[in-house]
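One structure is given below, encoded as structure tokens.
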Amino acid sequence: MALSTTTALILAAGQGTRMKSSTPKVLHPISGRPLVYFPVKAALDAGCAEVVVVVGHGREEVEAFLKSAFGDKVKIALQKEQRGTGDAAAAGMEAVGAGAARVLVYYGDVPLLEADDVRRVAAKLDEDPLAAVGLATCELDDPFGYGRILRDASGEIVEVREQKDLRSDDERRIREINPGIYAAGAAFMRDALASLTPNNAQGEYYLTDIVSFAARQGKRVVAVPSRASVMDGINDREQLAELEARMQARIVKKWRLAGVTIRAGARIEEGVVIEPDATIETGCVLRGKTVIGGGAFVDVGCVLTDVTVAEGARLKPYTVGEASRIGRAAQVGPFSHLRPESDVGEDAHVGNFVETKKTRLGKGAKANHLAYLGDGIIGAGANVGAGTIFCNYDGFQKHTTVIEDGAFIGSDSQLVAPVTVGKGAYVATGTTVTRDVPADAMAIARIKQENKEGYASRLRGRLKAAKDAKK
Ligand code: UD1
Ligand code: CA
């Protein structure tokens, strides 16, 4: 199809004044990705040979994002001054390769667009040999704010007229609008853009004026009736919220139809992967590159960023995880905090108020209550008691605590790293471990208990007397 010689030109140089933000509009996130990610992805998914994004306002940041997300699959063009969408398209044309037979131009603030929506507009030029421009159109009940499609007596499109340039109530009543996807031959587009003048209410160069340019030359502009539900642009934060809700509905529906139970109120970002028969409870937020394995249960309020959860694992409520792995049938939570590089092995348990960081728990290992486990390697079947702390930091460097298979760490112990507790060893409750513990040994470091008979009442007597003396 024609897409192999088509360049997509995505306009993203505008300031986005209505966002009232120091962040460029197209970098505001929606479902975890900057706004501009979605229209670029639509172009790549559609199979466009080349994608050029026109940047301007906040260009360094926008460019940096595009490079990180798409590498050399996108080219960047610079619009130095934001003089309108026509000027932006002209700036973009300078980056379009010589091999491009046609261009597909649309806006970078339209996140719900999908490949097929743009492909259909480009395809129009193939289907209709008389078409000079393919133009997406929609019918809206409330067309306010959009450019209107003006047609002549025979029904041919002759102009797109902006809201601010409409001249009569009849024109304002036109419900056929311009959602902003244009396809044309590259040579025609260059000529059309060169002809633009800022002769309008906003004093800008309007991309939309390529339509009247074509009509004046007796060339046909062919409408491509399009899905209004995906054409909304984002101009302010209210629209950002509305479109995000729609994006969420789309993402959640996709996973539900793929066999995942997702309760209302869960938030699943673009890019997350969930296997069938997993359950995602209400209030969960799954972000980044998170992957949830089949049959896993992610209970209420879990927040996972770049976490891989293996099959059958169970995350109890309010588990927070980042850049970590949770093994098959493992149990984590409630209220556990897995910081980056935590690796909870198969069947291992991490319980409430346990914080892990850069720590691996072997198969079946348990740390069920109240612990800080940083920079650790915990062997299979080891048991870490309540209140255990890995003292991993000396103020300058981090050190590793190793607990070998089957070892038992009594409650309220401190392990001062670097230190190793050998296989099957015991650490007695309340011990501060500063030296390695050999395999099968018991380490105990605490003062022996002494009971002083009758001491309590004598003490109370003394304390009361001291208080009475003050009065
Ligand atoms: C535009 C259309 C309007 C259409 C509507 C659909 C024009 C003149 N009007 O209006 O007919 O109904 O979109 O949503 O095209 N941009 C630049 N450089 C600039 C100005 C804008 O790159 O100098 C980019 C913006 O970053 C934005 C896009 O172009 O992504 C659209 O600009 P915006 O100002 O939002 O146009 P609308 O007023 O919505
Ligand atoms: Ca807009």
Side-chain angles (χ1 to χ4, degrees), residues 8-19 21 23-28 30 34-40 52-59 61-63 66 76-95 105-113 117 121 133 135-140 142-150 157 159-166 171-172 174-182 192-193 196-213 221 226 228 230-236 238-240 243:
L9 209 60
I10 298 168
L11 311 186
Q15 181 174 4
T17 321
R18 287 165 280 181
M19 296 299 280
S21 176
T23 302
K25 174 165 82 173
V26 293
L27 291 187
H28 278 262
I30 179 163
L35 205 24
V36 70
Y37 168 86
F38 297 95
V40 172
V52 174
V53 182
V54 182
V55 303
H57 185 81
R59 58 175 286 221
E61 286 167 84
V62 178
E63 202 172 331
L66 291 168
I76 306 288
L78 176 63
Q79 184 194 19
K80 290 195 193 75
E81 230 184 297
Q82 278 64 69
R83 300 190 299 170
T85 51
D87 180 63
M93 286 308 290
E94 289 173 27
V105 187
Y106 55 98
Y107 304 130
D109 62 353
V110 187
L112 294 178
L113 275 186
D117 299 302
V121 180
V133 178
L135 181 72
T137 63
C138 296
E139 295 264 343
L140 295 186
D142 178 11
F144 183 84
Y146 288 95
R148 307 298 208 284
I149 309 292
L150 269 50
I157 296 176
E159 189 182 335
V160 172
R161 194 167 291 170
E162 293 305 293
Q163 177 75 40
K164 287 181 178 153
D165 298 296
L166 296 173
E171 285 180 0
R172 287 181 199 100
I174 296 173
R175 291 175 45 239
E176 192 184 17
I177 63 101
N178 166 38
I181 308 174
Y182 317 79
L193 293 173
L196 302 182
T197 59
N199 183 16
N200 53 56
Q202 302 185 82
E204 290 185 355
Y205 293 86
Y206 285 170
L207 172 57
T208 43
D209 286 346
I210 66 168
V211 169
S212 51
F213 175 81
V221 176
S226 295
V230 303
M231 295 293 166
D232 292 322
I234 290 179
N235 297 312
D236 59 37
E238 176 63 14
Q239 288 167 328
L240 181 71
L243 292 211

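Counting starts at 1 for both ligands and their atoms, in listed order. Computed from heavy atoms alone, side chains included, the values below leave out hydrogens, waters and symmetry copies.
- For Glu162, the side chain to side chain donor-acceptor pair (under 3.5 Å) test picks out no residue, with sequence neighbours left out.
- By the criterion of a heavy-atom distance under 4.0 Å, the side chain of Asn235, and not its backbone, is placed next to ligand 1.
- Distances below 4.0 Å separate heavy atoms of Tyr206 from the following atoms of ligand 1: 8 (C).
- Nearest to atom 23 (O) of ligand 1 among the protein's heavy atoms is Gly84 N, 2.8 Å.
- Using modelled atom types, one side-chain atom of Arg175 and one backbone atom of Leu140 make a donor-acceptor pair closer than 3.5 Å.
- A donor-acceptor contact shorter than 3.5 Å links the side chain of Lys25 to the backbone of Ile234.
- In terms of heavy-atom proximity, Ala89 sits nearest to Val105 at CB-CG1, 4.4 Å.
- Close approach of ligand 1 to Ala88 (heavy-atom distance below 4.0 Å) involves ligand atoms 17 (C), 18 (N), 22 (O).
- Within a 4.0 Å radius of atom 33 (P) of ligand 1, the protein contributes no non-hydrogen atoms.
- When heavy-atom distances to ligand 1 are checked against a 4.0 Å cut-off, Met231 has no atom that comes that close, whether in backbone or side chain.
- Gln163 and Arg172 are not linked by any side-chain donor-acceptor pair at a separation below 3.5 angstrom, with hydrogens and angles left out of the test.
- Contact between Asn178 and ligand 1 is present, with at least one heavy atom of the residue lying under 4.0 Å from the ligand.
- Contact of the Tyr106 side chain with the Ile10 side chain is registered, since non-hydrogen atoms from C-beta on lie closer than 4.5 Å.
- Exactly one residue among Thr137, Asn178, Asp209 makes a side-chain contact (heavy atoms from CB on, under 4.5 Å) with Val160. That residue is Asn178.
- Within the structure, ligand 1 lacks Gly233 among the residues with a heavy atom less than 4.0 angstrom away.
- If you number the atoms of ligand 1 from 1 as listed, the ones under 4.0 Å from a heavy atom of Asp109 come out as 27 (C), 30 (O), 35 (O).
- Look at Gly56 and you'll find every heavy atom at least 4.0 Å from all atoms of ligand 1.
- Atoms of ligand 1 lying under 4.0 Å from any heavy atom of Gly108, numbered from 1 in the order shown and given with element: 30 (O).
- Taking backbone and side-chain atoms together, Asn235 has an N/O/S atom less than 3.0 Å away from the Ca ion (ligand 2).
- The part of Gln79 lying near ligand 1 is the side chain, judged by heavy-atom distances below 4.0 Å.
- The closest side-chain donor-acceptor pair between Gln239 and Asp232, if any, does not fall under 3.5 angstrom.
- In terms of heavy atoms, Arg148 sits closest to Ile174 at NE-O, 3.0 Å.
- Taking both residues in full, the closest heavy atoms of Asn200 and Thr197 are given as ND2-O, 4.2 Å, listed atom of the first, atom of the second, then distance.
- The nearest heavy-atom contact from the protein to atom 37 (P) of ligand 1 is Arg18 NH2, 5.0 Å.
- In this structure a side-chain-to-backbone donor-acceptor pair under 3.5 Å is present from Asp165 to Ala201.
- Taking each heavy atom of Ala91 and Ala77 in turn, the nearest pair found is O-CB, 3.8 Å.
- A 4.5 Å side-chain heavy-atom check between Gln15 and Gln82 finds every atom pair outside the cut-off.
- If you number the atoms of ligand 1 from 1 as listed, the ones under 4.0 Å from a heavy atom of Thr208 come out as 7 (C), 8 (C), 9 (N), 11 (O), 15 (O).
- Contact detail for Ile30 and Leu243: the closest heavy-atom pair is CD1-C, 3.7 Å.
- The protein non-hydrogen atom at the shortest distance from atom 22 (O) of ligand 1 is Ala13 N, 2.9 Å.
- Looking at atom 2 (C) of ligand 1, its nearest protein heavy atom turns out to be Tyr107 OH, 3.5 Å.
- Atoms of ligand 1 found under 4.0 Å from any heavy atom of Thr85 (numbered from 1 in listed order, with element): 7 (C), 8 (C), 15 (O), 20 (C), 21 (C), 29 (O), 31 (C), 32 (O).
- Looking at atom 24 (C) of ligand 1, its nearest protein heavy atom turns out to be Leu11 O, 3.7 Å.
- For ligand 1, the atoms lying closer than 4.0 Å to a non-hydrogen atom of Arg83 are 23 (O).
- Nearest non-hydrogen protein atom to atom 16 (N) of ligand 1 is Gly14 N, 3.8 Å.
- Under the 4.0 angstrom criterion for non-hydrogen atoms, Ile177 is not in contact with ligand 1.
- Of the protein's non-hydrogen atoms, Glu162 OE1, 3.9 Å is the one closest to atom 10 (O) of ligand 1.
- Nearest to the Ca ion (ligand 2), among the N, O or S atoms that Asp109 has, is OD2.
- Residue-to-ligand polar distances keep Gly180 apart from ligand 1: every N/O pair is separated by 3.5 Å or more.
- The nearest pair of heavy atoms linking Val36 to Leu66 is CG1-CD2, 4.1 Å.
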